[in-house]
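Notes to accompany the following structure.
Counting starts at 1 for both ligands and their atoms, in listed order.
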Amino acid sequence: MREGEFLLSDLKADTLRLILGDQLNGRHSWFRAPDEHVLYVMMELRQETVYVRHHIQKVLAFFAAMRAFAHELRQDGHRLHYVTLDDASNSGHLTENLLQLIRRWRIKRFEYLLPDEFRLDQQLRRFCESLPIETSAVDTEHFLSSRESVQEYFGGKQHYRMESFYRTMRRRTAVLMQGDQPMGGRWNFDIENRHRYDGAAPVPAPLCFENDVSHLRELLEQEKISTMGETGDRLIWPINRQQSLALLDYFIDVSLPYFGTFQDAMKQDQWSLFHSRLSFSLNTKMLHPMEVIDRATAAWAQHQETITLPQVEGFVRQILGWREYMRGVYWARMPELARMNFFEHRRPLPHYYWDGRTKMNCLKRVIEQSLHKAYAHHIQRLMVTGNFALLAGIDPDALDAWYLGIYIDAIEWVEITNTRGMSQFADGGLIASKPYVSSANYIHKMSDYCQNCHYDRNAKFGERACPFNSLYWHFYDRHRPKLAKNPRIGMLYRTWDRMADSARQAIRQQAEQYLQDIERL
Ligand code: FAD
Ligand code: SF4
């Protein structure tokens with residue numbers, strides 16, 4: 001028999017508990033003590049590998065982390081049935097498999113942890129309604145706010161703003177607080193933070209693991225799972241709690257002292273700069289957000305000479321603020337969020353999002369890096385790939401599928417809110433107060449991409465003019481009826497109106513030509 005297998009006659013369990021691939025939280029109250037009446041089940045499902053085309057490292061990381069988690073639970077004495085992708089009884093479909101197991105083992109009660117994805121939430125709800133046995137859904141004990149928190153907080157408002165939600169979370173959790181006031185007297189240190197990388201602090205080599213995934217790679221080939229991106233036989237991403245904690249410690253020791261300062265910087269020979277790369281461990285729940293925050297604030301309290309308040313606040317804001325807020329927005333606005341397309345953009349995604357073959361150096365570098373590593377940091381996603389897609393009018397459906405496939409941490413609740421909401425303004429301003437778009441100026445200010453580019457960052461039109469420049473003005477010009485009333489954009493329209501007619505005409509023509517030739521840029 002393989003590890004953890006058992007005979008039907010041995011089985012005393014009458015309760016089946018489902019653990020999904022992003023629910024690898026060993027400290028959940030379910031696992032406090034083994035119970036012979038409970039059988040846990042984990043499954044590698046074809047349905048999860050095909051809803052978009054995923055990066056190969058993402059599929060490998062999920063399966064490897066699931067297998068490691070199953071092994072740990074069994075070692076702790078829990079009874080667990082693990083269905084591999086190639087298991088003869090695996091239909092590839094979540095609820096079909098569950099039904100089979102419930103019948104086979106004459107299960108009397110089915111329990112599951114609340115999924116973070118709307119799609120799975122609906123699937124499991126419907127499944128439970130159809131079952132003739134008792135069922136229940138249990139909280140994952142992972143997030144710091146409830147599913148409903150954002151909806152309750154903002155009520156029926158048309159715009160939600162992260163900043164006020166974040167302040168409430170700081171007060172509620174007492175993180176970086178002195179009584180009712182923020183430490184240092186300010187909630188936000190963005191002015192001190194967000195510099196271009198100036199070389200003052202050496203960039204630490206990213207901590208990469210060497211997890212042998214050759215057997216899983218073969219399995220994906222054998223099962224003809226279609227993926228994108230590249231991998232070797234060694235996976236660099238953490239696949240268990242021990243590795244996740246090592247990555248957290250490494251981040252705190254070497255990167256946190258510069259996190260805030262360079263959080264928006266981009267550099268073409270550095271793929272993660274001072275970022276934590278903890279999103280996979282967090283999103284699979286191998287790490288709890290509060291333990292990450294506690295470790296960071298404790299390190300700050302002990303080493304204030306090296307880790308300043310703006311660095312640690314910048315980091316806490318991402319997890320206590322953005323991460324919780326995005327999850328709340330997701331549950332407040334699904335499923336409509338997945339259909340929102342405020343600008344009615346319909347253009348297909350250009351081929352270079354899949355192969356990196358473009359003369360625009362910023363896009364080329366970020367996409368190539370994403371294909372190599374299944375990772376790009378926030379500003380690379382927001383201000384390079386997202387920025388270009390919004391300026392060019394790419395269909396948010398196509399873009400969602402791309403972001404949901406390519407990144408190691410991509411799970412819909414956090415991908416779609418960031419893509420449709422923050423990056424594409426497809427929600428009409430529910431999340432962002434204005435579209436995150438820029439010309440070459442911002443990209444040049446925050447990176448070294450423009451130095452090696454075929455295009456001229458200073459030119460708005462003419463041969464070799466940077467496409468971001470004319471597309472930027474073209475975007476605002478074509479969407480004027482929808483944006484003119486936004487008070488944060490008025491100044492920009494005044495600048496556009498002050499330009500000479502001939503300059504405006506040349507910019508429009510340049511942008512239109514680039515849009516026609518978009519596959520050749
Ligand atoms: P760090 O920069 O080290 O930040 C620390 C942690 O803060 C992250 O691990 C993450 O958990 C959290 N965080 C930071 N920014 C955000 C944010 N905007 N929303 C939610 N949490 C945040 N993040 C995902 O986890 N999954 C996604 O699928 C995803 N898709 C995105 C798509 C687009 C278009 C954009 C603009 C952003 C997306 N993000 C996504 C948010 C962010 O880019 C990633 O969380 C971050 O780059 C992960 O790298 P890191 O762990 O090194 O983060
Ligand atoms: Fe990107 Fe334009 Fe800079 Fe080239 S010049 S790297 S296309 S912003």
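Using a 4.0 Å cut-off between heavy atoms, F259 contacts ligand 1 through its side chain alone, with no backbone atom that close. Neither the backbone nor the side chain of Y407 comes within 4.0 Å of ligand 1, counting heavy atoms alone.
In terms of protein heavy atoms, atom 23 (N) of ligand 1 is closest to V414 CG2, 3.6 Å. Nearest non-hydrogen protein atom to atom 53 (O) of ligand 1 is S276 OG, 4.0 Å. Regarding atom 7 (O) of ligand 1, its nearest protein heavy-atom neighbour is Q318 CB, 3.1 Å. Remark: minimum distance from atom 39 (N) of ligand 1 to any protein heavy atom is reached at N418 ND2, 3.5 Å. The protein atom (non-hydrogen) at minimum distance from atom 47 (O) of ligand 1 is H378 N, 3.4 Å. Scanning the protein heavy atoms around atom 28 (O) of ligand 1, the nearest turns out to be A410 CA, 3.1 Å. At the shortest separation from atom 25 (O) of ligand 1 among protein heavy atoms lies N283 ND2, 2.9 Å. Considering only non-hydrogen protein atoms, atom 2 (O) of ligand 1 sits nearest to H275 ND1, 2.7 Å.
Of the candidates I239, L216, N240, N211 forms a side chain to side chain contact (heavy atoms under 4.5 Å, CB included) with just one, namely I239. F280 pairs in a ring pair (Phe, Tyr, Trp, His ring centres under 6.0 Å) with only one of the listed residues (Y375, F62, W237), which is F62.
The backbone N or O of A338 lies less than 3.5 Å from no partner atom in the side chain of D400, so there is not a single donor-acceptor pair. Checking side-chain atoms of H195 against main-chain N and O of E192 turns up a donor-acceptor pair under 3.5 Å. Checked by atom type and distance alone, the side chain of R53 never pairs as donor or acceptor with a backbone atom of A401 at under 3.5 Å. Distance alone, capped at 3.5 Å, places no donor-acceptor pair between the H372 side chain and the G229 backbone. In this structure a side-chain-to-backbone donor-acceptor pair under 3.5 Å is missing from N418 to M422. Proximity of a side-chain donor or acceptor of Q263 to a complementary backbone N or O of H275 within less than 3.5 Å is not detected.
Under the 6.0 Å distance and 45° angle rule, R365 does not count as a cation-pi partner of Y449. For the pair R381 and Y403, the NZ or CZ position fails the cation-pi test of under 6.0 Å to the six-membered ring centre and within 45 degrees of the ring normal.
Which parts of ligand 1 touch Y375 is read off a 4.0 Å heavy-atom cut-off, strictly below it: atoms 49 (O), 50 (P), 52 (O). Close contacts between ligand 1 and F315 involve ligand atoms 5 (C) [criterion: under 4.0 Å to a heavy atom]. Counting atoms of ligand 1 from 1 in the listed order, those under 4.0 Å from a heavy atom of R277 are 50 (P), 51 (O), 52 (O). Numbered from 1 in the order shown, with element, the atoms of ligand 1 that lie under 4.0 Å from a heavy atom of M326 read 19 (N). Annotation for ligand 1: atoms under 4.0 Å from non-hydrogen atoms of L382 are 36 (C). Listed by number with element, the atoms of ligand 1 under 4.0 angstrom from any heavy atom of S279 are 9 (O), 25 (O), 48 (C), 49 (O), 51 (O). For ligand 1, the atoms sitting less than 4.0 Å from at least one non-hydrogen atom of L282 are 9 (O), 11 (O), numbered in the order shown with element in parentheses. Atoms of ligand 1 found under 4.0 Å from any heavy atom of A376, numbered from 1 in the order shown, are 47 (O).
Within the structure, every pair that satisfies the salt bridge (Lys or Arg N to Asp or Glu O under 4.0 Å) test and touches residues 429-455, not counting sequence neighbours, is listed here: K267-D448. Pairs passing the side chain to side chain donor-acceptor pair (under 3.5 Å) check and including a residue from residues 276-289, sequence neighbours excluded, read D116-K285, S244-S281, S279-D409, N283-R323.
R357 and E368 are not joined by a salt bridge, as no carboxylate oxygen comes within less than 4.0 angstrom of a charged side-chain nitrogen. Looking at E313 and R317, a side-chain N of the basic residue comes within less than 4.0 Å of a carboxylate O on the acidic one, giving a salt bridge.
Taking distance alone, with nitrogen or oxygen atoms compared against 3.5 Å, L278 approaches ligand 1 more closely than that limit. Taking only nitrogen or oxygen atoms, main chain and side chain alike, H377 does not reach within less than 3.5 Å of ligand 1.
Using cut-offs of 30° and 60° on the angle between ring planes, the pair Y160 and F154 is parallel.
Neighbouring protein atoms of atom 4 (Fe) of ligand 2 (N, O or S, distance under 2.8 Å, waters ignored): C453 SG.
Side chain to side chain, D355 and H351 meet the donor-acceptor criterion of an N or O pair below 3.5 Å.
For atom 29 (C) of ligand 1, the nearest non-hydrogen atom from the set R381, R317, Q380, Q424 belongs to R381. Considering each of D409, N387, D264, the one bringing a non-hydrogen atom nearest atom 26 (N) of ligand 1 is D409.
For W413, the ring pair (Phe, Tyr, Trp, His ring centres under 6.0 Å) criterion is met by F143, not counting sequence neighbours.
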